[in-house]
Amino acid sequence: MFYRPKDGHGLPHNPFNAIIAPRPIGWISTRDADGINNLAPYSFFNGVAYTPPQVMFATTSAKPDQDGGKDSIANIEATGVFCVNVVAYAHQDAMNASSEGLAKHIDEFDHAGLAPVECETINCPRVEGAPAALECKLTRIVTLPGEANRVVFGEVTGVHLQDDHIRDGKFDVTSFQPLARLGYRDYAVVRELFSLNRPDD
Ligand SMILES: Cc1cc2nc3c(=O)[nH]c(=O)nc-3n(C[C@H](O)[C@H](O)[C@H](O)COP(=O)(O)O)c2cc1C
């Protein structure tokens with residue numbers, strides 16, 4: 001089949017997210033100007049540069065209690081910082097609970113039964129027990145076509161790795177099994193790896 005998005009796909013559900021899959025999940029923690037912590041998953045998320053290390057996530061649509069966006073981007077605009085937590089398989093229910101569209105003054109760490117830990121380089125919470133976390137300073141926000149579509153870029157200023165997951169000098173993802181987002185209501189979990197050398201290696 002072929003379709004032009006402006007004409008519709010004709011399927012019962014939009015296949016777009018199933019095409020761009022699997023996607024890593026950036027579990028974004030922030031703090032608002034009044035000190036209330038916030039946590040939400042974003043799967044339009046990725047790393048975009050090594051030196052200095054930089055990441056991005058994209059926010060789509062607006063909450064009724066925010067001015068044209070969601071809580072995460074509103075907090076980042078106010079404070080200039082955010083933290084990206086990695087989602088282990090064991091955290092799937094807490095991650096899902098933190099995605100609920102709650103009023104902006106509700107702390108999703110409490111709502112999802114998670115403990116916040118202070119970041120080292122920024123005034124921001126991170127998720128206790130997350131296998132890794134990236135402390136980030138906002139570098140720019142890019143507005144995209146459409147309603148409330150924006151991309152947040154940040155430079156990584158601090159990296160947390162749980163020591164249990166460092167094996168033979170490598171960050172061993174099989175020891176915590178990261179969740180990835182697919183289309184529809186589907187997820188994948190990384191349990192098996194294989195390696196390929198590059199032609200130039
Ligand atoms: C696995 C998962 C991935 C998500 N990815 C995104 C995303 O990339 N962009 C987005 O705007 N919303 C995404 N959402 C929805 C947000 O998590 C949800 O709107 C949340 O309430 C936003 O919280 P906030 O207002 O505290 O930022 C995702 C939800 C789930 C469960």
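Positions are given from 1, in the same order as the sequence printed here. Atoms within a ligand are numbered from 1 in the order they appear, just like the ligands themselves. These numbers were taken from a predicted model, which means no experiment stands behind them.
- Interface of Thr59 with ligand 1, defined as ligand atoms under 4.0 Å from a residue heavy atom, comprises 11 (O).
- With respect to Arg140 and Glu155, no salt bridge is recorded, no charged nitrogen being found less than 4.0 Å from a carboxylate O.
- Of the listed residues (Gly69, Ser99, Ser43), the one carrying the non-hydrogen atom nearest atom 3 (C) of ligand 1 is Ser43.
- By the 6.0 Å and 45° rule, Arg23 does not stack over the aromatic ring of Phe45.
- Between Glu120 and Arg126 there is no salt bridge, since no side-chain nitrogen of the basic residue lies less than 4.0 Å from a carboxylate oxygen of the acidic one.
- Here's the thing with Asn96: none of its N/O atoms is less than 3.5 angstrom from an N/O atom of ligand 1.
- Cation-pi check for Arg191 over Tyr89 is met; the charged atom lies under 6.0 angstrom from the ring centroid and within 45 degrees of its normal.
- With a 4.0 Å cut-off on non-hydrogen atoms, Ser98 does not touch ligand 1 at all.
- Set against the non-hydrogen atoms of Lys63, the atoms of ligand 1 under 4.0 Å away are 25 (O).
- Shown in contact with Ser72 at under 4.0 Å from a heavy atom are these atoms of ligand 1, numbered in order with element: 24 (P), 26 (O), 27 (O).
- From the protein, the heavy atom lying nearest to atom 7 (C) of ligand 1 is Tyr42 CD2, 3.5 Å.
- Remark: ligand 1 and Phe44 share an N or O pair separated by less than 3.5 Å (distance only, no angle test).
- Assignment of Tyr187 to the shell around ligand 1 is supported, since a heavy atom sits closer than 4.0 Å.
- Close N/O approach between Arg181 and ligand 1 is not found [any backbone or side-chain N/O within under 3.5 Å].
- For ligand 1 and Thr60, the ligand atoms under 4.0 Å from any heavy atom of the residue are 10 (C), 11 (O).
- With values rounded to the nearest 0.5 angstrom, Leu114 atom CG is found 11.5 Å from Asn37 atom CG.
- Of the listed options Ala180, Ala40, Pro41, Ala62, Ala40 places a heavy atom closest to atom 23 (O) of ligand 1.
- Annotation: Asp168, atom CG; neighbour count of heavy atoms from other residues, nucleotides and ligands within 6.0 Å does not exceed 12.
- Sparse packing is recorded around CZ of Phe16, with 12 or fewer heavy atoms of other residues, nucleotides or ligands lying under 6.0 Å away.
- Protein heavy atom nearest atom 10 (C) of ligand 1, with residue, atom name and distance: Lys70 NZ, 3.3 Å.
- Salt bridge absent: Lys104 and Asp32 never bring a charged side-chain N and a carboxylate O closer than 4.0 Å.
- Taking CG from Asp67 and CD from Glu77, the interatomic distance works out to 9.0 Å, rounded to the nearest 0.5 Å.
- Checked by distance only, ligand 1 and Ala58 come closer than 3.5 Å through their nitrogen or oxygen atoms.
- Aromatic ring pairs are classed by plane angle as parallel below 30°, tilted from 30° to 60° and perpendicular above 60°; the pair Phe171 and Phe176 is tilted.
- Only the side chain of Glu108 comes within contact range of ligand 1, with a heavy atom under 4.0 Å; no backbone atom does.
- At least one heavy atom of Glu100 sits less than 4.0 Å from an atom of ligand 1.
- Scanning all protein heavy atoms for the shortest distance to atom 26 (O) of ligand 1 gives Asn38 ND2, 2.8 Å.
- Atom CH2 of Trp27 is separated from atom OG of Ser99 by 10.5 Å, given to the nearest 0.5 angstrom.
- Both the backbone and the side chain of Asp71 come within 4.0 Å of ligand 1, counting heavy atoms alone.
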